[in-house]
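To start, the structure under review is shown below, and the notes come after it.
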Amino acid sequence: PFASTFATFFTRAADHIRMGVVSQANVKYVGTHVGVSIGTDGPSQMGLEDISLFRGLPHALVFYPSDAVAMEHAMVHAVNYDGPVFIRTNRPDTPIIYDNAETFAIGENKLLRSHETSKVTIITAGVTLNEALAAGTTLESEGIHVNIIDLFCIKPINAESIRVSAHRTNGTILCVEDHYPEGGLTDAVRGAVSLDGFKIHQLAV
């Protein structure tokens with residue numbers, strides 16, 4: 001079964017979701033209208049703690065697709081995975097980033113931009129990925145290069161690819177997310193590479 005609603009409304013059902021996991025219910029959750037990017041609907045409608053909720057569930061997968069192609073792959077993985085899955089989706093219209101032939105795997109992220117002289121590794125997903133790509137273009141026009149990672153799969157997280165990119169940017173990471181500072185994308189990154197001594201900065205709501 002699939003359950004879908006505004007991501008913030010899943011917090012009302014946290015106990016039921018938790019007990020579903022305890023009972024090994026094979027339910028997939030699709031949370032829409034996430035973050036402050038939903039705009040005028042106001043804070044009562046903004047999913048800002050949903051990543052934290054689902055990251056805390058044992059055996060759960062957490063996907064954060066950034067375009068329609070990534071979303072299709074997240075759905076396929078959800079159907080074929082035996083266990084709880086959360087897919088976090090945007091409200092605003094966003095451009096197609098990936099070609100239809102692109103492949104996505106569980107535990108995979110995508111390095112979308114890199115340069116041998118990059119100063120920082122930017123890690124993001126969803127609507128903030130588009131902002132990061134635009135910022136990267138602006139910075140490049142000023143002679144400043146950055147690496148940009150699309151964190152398609154937040155749980156499980158691919159720590160090794162993050163380490164490789166961060167080592168190339170002098171250990172400096174900037175996480176950008178449309179979520180509360182606690183428990184979201186940045187905390188997932190910190191937990192994955194906490195012993196590597198990287199300088200991890202956060203830009204969140």
Side-chain angles (χ1 to χ4, degrees), residues 3-22 25 27-38 41-66 70-71 74 77-78 81 83-91 106-109 121-129 131-132 148-163 166 172-205:
S4 179
T5 185
F6 282 28
T8 192
F9 298 155
F10 281 130
T11 61
R12 302 178 180 183
D15 181 52
H16 300 285
I17 294 169
R18 171 184 172 273
M19 289 308 300
V21 173
V22 170
V27 182
K28 321 303 175 181
Y29 304 92
V30 181
T32 68
H33 293 68
V34 299
V36 299
S37 61
I38 70 168
D41 284 349
S44 66
Q45 315 296 303
M46 295 175 179
L48 293 167
E49 55 285 295
D50 49 297
I51 296 175
S52 178
L53 169 64
F54 285 95
R55 278 186 62 229
L57 299 176
H59 314 301
L61 303 183
V62 179
F63 294 116
Y64 194 178
S66 297
M71 179 66 188
H77 286 308
Y81 179 73
V85 179
F86 176 57
I87 303 175
R88 189 178 209 243
T89 68
N90 303 317
R91 176 189 181 181
I106 295 173
E108 181 183 28
N109 54 51
T121 293
I122 299 174
I123 302 177
T124 186
V127 68
T128 49
L129 174 63
E131 300 301 324
I148 299 178
I149 291 176
D150 174 9
L151 200 65
F152 163 73
C153 188
I154 296 178
K155 181 184 178 184
I157 191 170
N158 188 332
E160 184 56 31
S161 65
I162 293 172
R163 291 189 185 102
T172 303
I173 298 172
L174 173 63
C175 296
V176 183
E177 58 182 318
D178 196 1
H179 188 276
Y180 282 139
E182 298 82 9
L185 180 151
T186 307
D187 275 1
V189 171
R190 284 197 185 109
V193 298
S194 60
L195 301 180
D196 294 84
F198 295 137
K199 300 180 288 292
I200 300 176
H201 308 278
Q202 182 181 41
L203 181 59
V205 174

Ignoring hydrogens and geometry, is there a side-chain-to-backbone donor-acceptor pair from [X] to [Y] under 3.5 Å?
X	Y	value
Lys155	Phe63	no
Thr8	Gly47	no
Ser4	Val30	yes
Glu177	Thr186	yes
His179	Ile51	yes

Could you grab the distance from atom [atom1] of [X] to atom [atom2] of [Y], nearest 0.5 Å is fine?
X	Y	atom1	atom2	result
Phe10	Ile17	CZ	CD1	6.0 Å
Tyr29	Leu53	OH	CG	9.5 Å
Phe198	Ile173	CZ	CD1	5.5 Å
Leu203	Glu131	CG	CD	10.5 Å
Ile87	Lys28	CD1	NZ	9.0 Å

(message) Would you say Ser52 and Glu182 are linked by a side-chain donor-acceptor pair, where the criterion is simply a distance under 3.5 Å?
(response) no

Got a list of side-chain donor-acceptor pairs under 3.5 Å for residues 189-196, not counting sequence neighbours?
{"unit_1": "Arg190", "atom_1": "NH1", "unit_2": "Asp187", "atom_2": "OD1", "d": "3.1"}
{"unit_1": "Asp196", "atom_1": "OD1", "unit_2": "Arg163", "atom_2": "NE", "d": "3.0"}
{"unit_1": "Asp196", "atom_1": "OD2", "unit_2": "Arg163", "atom_2": "NE", "d": "3.1"}

(request) Can you label the angle between the Phe86 ring and the Phe54 ring as parallel, tilted or perpendicular, going by 30° and 60°? (result) parallel

(message) Does anything in residues 49-60 form a salt bridge (Lys or Arg N to Asp or Glu O under 4.0 Å)? List the pairs, not counting sequence neighbours.
(response) Asp50-Arg88

(request) Assess whether atom NE2 of His201 is packed by more than 12 heavy atoms of other residues, nucleotides or ligands within 6.0 Å. (result) yes

(message) Taking CZ in Phe6 as the centre, count heavy atoms belonging to other residues, nucleotides or ligands within less than 6.0 Å. Is the count above 12?
(response) yes

(message) Can you confirm whether Val34 sits close enough to Asn90 that some side-chain heavy atom of one is under 4.5 Å from a side-chain heavy atom of the other?
(response) yes

(message) List the residues meeting side-chain contact (heavy atoms from CB on, under 4.5 Å) with Asn158, not counting sequence neighbours, and say none if there are none.
(response) Asn109, Glu160, Ser161

